[in-house]
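All ligand and atom numbering here is 1-based and tracks the order in the structure.
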Amino acid sequence: MLNKHSPVIIVGGGAFGLSTALHLSLAGYSDITVFERDEKIPSKYSAAYDINKIVRAEYEDEFYTQLALDVIEAWKNNPIFNPYYHQTGYIVATSGSAPSKARDTLQKSLSSLTNRPAFRNEIKQLSTKDDFRKYAWQITGPLKGFKGYFNRIAGYAHSANSLKSAFVACAQRGIRFVTGEEKGKIVELLYEGKKCVGVKTADGKVYKAETTIVALGAYAASLIPSVGNFAVARCWSVAHVQLTEEETDLLRGIPVVNVRDLGFFFEPDPATRLFKLCPLGAGFVNTNKSNGISLPPPDRLPPPQDYIPAEDERKLRRLLQETFPWMANRPFVDQKLCWFSDTKDSEYCIDFVPGTENSLVVLSGDSGHGFKMMPIFGEWVVDLLQNGKQKLERWQWRKEDQRGVDWGSSVNWRIGETRELKELIVEKEGMVKARL
Ligand SMILES: Cc1cc2nc3c(=O)[nH]c(=O)nc-3n(C[C@H](O)[C@H](O)[C@H](O)COP(=O)(O)OP(=O)(O)OC[C@H]3O[C@@H](n4cnc5c(N)ncnc54)[C@H](O)[C@@H]3O)c2cc1C
């Protein structure tokens, strides 16, 4: 077991890194340093640098349903996080033209909740437009063929504000932060024999540690290439509509609405009046042909920005026509691709890197559903360090090499085909030329 006063380095100040720093400190670890490449936290490179993320307990796997129920209690009761949790409820639906995979996923989501006592009286089936309007009266669109349900015990959290709050709490507990493209960006892990003994920053400084924890989300394979054998950097689109003050007031309190074959949206953010939408699909990867590993593009901000794929835009405009037609032709602003770390079975990886004598830990494979776990995620890393091994098979390091296998479209809860980022760049350039 690691001595609690030994130096621990955490690389990455995103959702998993900050939660880990906080919980290690709460467990008595006293010498913790977090390295973050952005100048400030919340970092614009974090997948959680966003105005909202869904917090819900629908999972096909009971194990995650229970964890999500536990974390919802933490969202409500932990003062570091509770100002940012909004239990607006959650509508899950399919449109009239949804493929059977989307309808099946919805049924699986629903049945993951209906047998649980916590959800007795909290779930309502929705079959008609009037049913939907009971929970989101602001919807004026036709909702053609929509079917679904409303779940009261769910909502969203303001993710960038949650990161900031966790960062402040960590700093107040004496955790050190080293940030910035030169001072905070880690370019190399240092080894003595098999043991990882610390890190090197972009400005060439060396920091030593007994344990190094890599929490880089989509960027994990940049420091530990073998993570790229089983965890793929993948991105999904995000777009926003800029609302007026009156429009923001109108939509205040709407539940999160997730239409499994189109996409999802949230109540507008009161501070920025942005209404966020995300299309649902298999997303894009950025595979390096020479080693088969997908990583986000290395530039300061990944291209293309202020653009989302035409197919995703079509889905979102249809979603708006069905729900808020008055918004359907408004320009999309702050369009972006958001990168996360994806695994074939949507399981996280919270484990020691094999062959490093328990000196190196990797936290990866959030698979697009990790943010909600932020209030409790770090507890699982404390367990790992105290037990000296990952007891849960599902969160162990994967030996299987998945490079070159396109499993993205076979994930149960996703619809569509995975595409390569370079195809999107070609698409974007084509659109720019067509406009000239
Ligand atoms: C479009 C989209 C929608 C999502 N929606 C949801 C949702 O509704 N609900 C949900 O629960 N989850 C959602 N997620 C997933 C969620 O955002 C992630 O699970 C979560 O952010 C993962 O945390 P992380 O710490 O692993 O990675 P991140 O939060 O991405 O953090 C990684 C950190 O590493 C830093 N970094 C990178 N390289 C270096 C380096 N060399 N040196 C130092 N620092 C470095 C980055 O700046 C960043 O701060 C969504 C993700 C996307 C992309």
Side-chain angles (χ1 to χ4, degrees), residues 9-21 34-57 59 64 67-68 71 75 90 154-157 159-160 162-163 166-167 177-189 199-202 213-224 231 233-239 256 258 263-266 276-281 283-284 295-296 298 300-301 308 312 336-342 346 348-350 362-375 377-378 381:
I9 281 177
I10 298 174
V11 189
F16 288 180
L18 290 171
S19 179
T20 299
V34 178
F35 289 84
E36 166 53 53
R37 79 179 274 201
D38 202 359
E39 213 55 61
K40 58 176 185 49
I41 292 175
S43 157
K44 61 181 173 296
Y45 300 101
S46 162
Y49 185 69
D50 205 345
I51 52 178
N52 40 42
K53 297 281 186 206
I54 305 174
V55 177
R56 46 84 191 172
Y59 273 99
Y64 282 101
L67 292 182
V71 84
W75 277 109
Y90 183 42
Y156 72 92
S159 48
S162 306
L163 293 177
F167 161 63
F177 283 84
V178 185
T179 62
E181 288 293 335
E182 295 297 316
K183 292 189 173 131
K185 182 175 178 182
I186 302 304
V187 292
E188 197 184 335
L189 299 176
V199 296
K200 190 197 244 182
T201 54
I213 300 175
V214 171
L216 292 185
Y219 300 83
S222 65
L223 292 185
I224 311 174
R234 185 181 299 275
C235 66
W236 286 323
S237 309
V238 179
V256 179
N258 187 346
F264 55 94
F265 58 73
F266 301 77
K276 183 183 124 181
L277 300 124
C278 292
L280 282 164
F284 287 80
L295 273 170
R300 276 196 63 78
L301 277 178
I308 57 169
D312 285 351
K336 57 186 176 188
L337 300 173
C338 175
W339 291 87
F340 64 103
S341 165
D342 202 25
S346 301
Y348 310 147
C349 176
I350 305 172
V362 67
L363 312 177
S364 188
D366 68 274
S367 302
H369 65 97
F371 173 76
K372 74 172 70 59
M373 303 297 183
M374 185 176 177
F377 185 92
V381 187

Distance-only donor-acceptor check, side chains Glu36 and Thr179, under 3.5 Å: no
Determine whether Tyr219 and Ser341 make a side-chain contact, defined as any pair of heavy atoms from C-beta on separated by less than 4.5 Å. no
N/O separation below 3.5 Å, Val11 to ligand 1: no
May I ask you to check if ligand 1 and Lys372 share an N or O to N or O distance below 3.5 Å? yes
Identify the closest protein heavy atom to atom 31 (O) of ligand 1: which residue and atom is it, and at what distance? Gly14 CA, 3.3 Å
Tell me, please: is Ser222 in heavy-atom contact with ligand 1, that is, under 4.0 Å? no
Separation between OG (Ser222) and CG (Leu216), nearest 0.5 Å, reads 5.5 Å
Distance from atom 25 (O) of ligand 1 to nearest protein heavy atom, with residue and atom: Phe16 N, 2.8 Å
Just heavy atoms, cut-off under 4.0 Å: does Phe35 contact ligand 1 by side chain, backbone, both, or neither? backbone
Do me a favour and list the nearest non-hydrogen protein atom to atom 23 (O) of ligand 1 with residue, atom name and distance? Ala15 CB, 3.5 Å
I want to know if ligand 1 touches Ser46 in the polar sense, i.e. an N/O pair below 3.5 angstrom. yes
I want to check something: taking the side chain as every heavy atom from C-beta on, are Ile350 and Phe377 in contact at a cut-off of under 4.5 Å? yes
Is any side-chain heavy atom of Ile213 closer than 4.5 Å to a side-chain heavy atom of Val11? no
Would you say the side chain of Val214 lies within less than 4.5 Å of the side chain of Leu189, judging by non-hydrogen atoms? yes
At under 4.0 Å between heavy atoms, which part of Val238 makes contact with ligand 1: side chain, backbone, both or neither? side chain
Please check whether Gly370 reaches ligand 1 - meaning an N/O of the residue sits under 3.5 Å from an N/O of the ligand, judged on distance alone. yes
Nearest protein heavy-atom contact for atom 30 (O) of ligand 1: which residue, which atom, what distance? Ala47 N, 2.8 Å
Considering Arg37, Lys53, Arg56 one by one, which has a heavy atom nearer to atom 50 (C) of ligand 1 than any of the others? Lys53
Does Cys338 reach ligand 1 with a nitrogen or oxygen that is under 3.5 Å from one of the ligand's nitrogen or oxygen atoms? no
Please report whether ligand 1 has a polar contact with Phe371, defined as an N or O pair separated by less than 3.5 Å (distance criterion only). yes
Could you tell me whether Ser43 approaches ligand 1 through its side chain, its backbone, both or neither, with non-hydrogen atoms closer than 4.0 Å? side chain
Who's the nearest protein heavy-atom neighbour of atom 27 (O) of ligand 1, and how far? Gly217 CA, 3.4 Å
Do the side-chain N and O atoms of Asn258 and Tyr90 include a donor-acceptor pair separated by under 3.5 angstrom? yes
Nearest protein heavy atom with distance in Å, relative to atom 48 (C) of ligand 1: Glu36 OE1, 3.5 Å
Given side chains that start at C-beta, do those of Val381 and Leu363 come closer than 4.5 Å, heavy atoms only? yes
Tell me which protein heavy atom sits closest to atom 14 (N) of ligand 1, plus the residue, atom name and distance to 0.1 Å. Gly368 O, 3.4 Å
Atom 42 (N) of ligand 1: nearest protein contact (heavy atom, Å): Ile186 N, 3.0 Å
Contact between Thr201 and Lys185 at the side-chain level, heavy atoms closer than 4.5 Å - yes or no? no
Closest non-hydrogen atoms of Leu18 and Met374, given as atom of the first, atom of the second and distance, are CB-CE, 4.0 Å
NZ or CZ of Arg37 within 45° of Tyr45 ring axis and under 6.0 Å: yes
Short N/O distance, under 3.5 Å, between Cys278 and ligand 1? no
Cut-off 3.5 Å, side chains only: do Tyr348 and His369 have a donor facing an acceptor? yes
My understanding is that we take every heavy atom of each candidate and find the minimum distance to atom 9 (N) of ligand 1. Doing that for Ile54, Asp50, Thr20, which one comes out nearest? Ile54
Consider ligand 1: state whether an atom of it lies below 4.0 angstrom from any non-hydrogen atom of Leu216. yes
With the side chain counted from C-beta on, respond yes when Arg234 and Phe340 share a heavy-atom pair under 4.5 Å apart, and no when they do not. yes
Taking the side chain as everything from C-beta on, heavy atoms only, tell me whether Leu277 gets closer than 4.5 Å to Phe264. no
Under 3.5 Å between some N or O of ligand 1 and some N or O of Asp366? yes
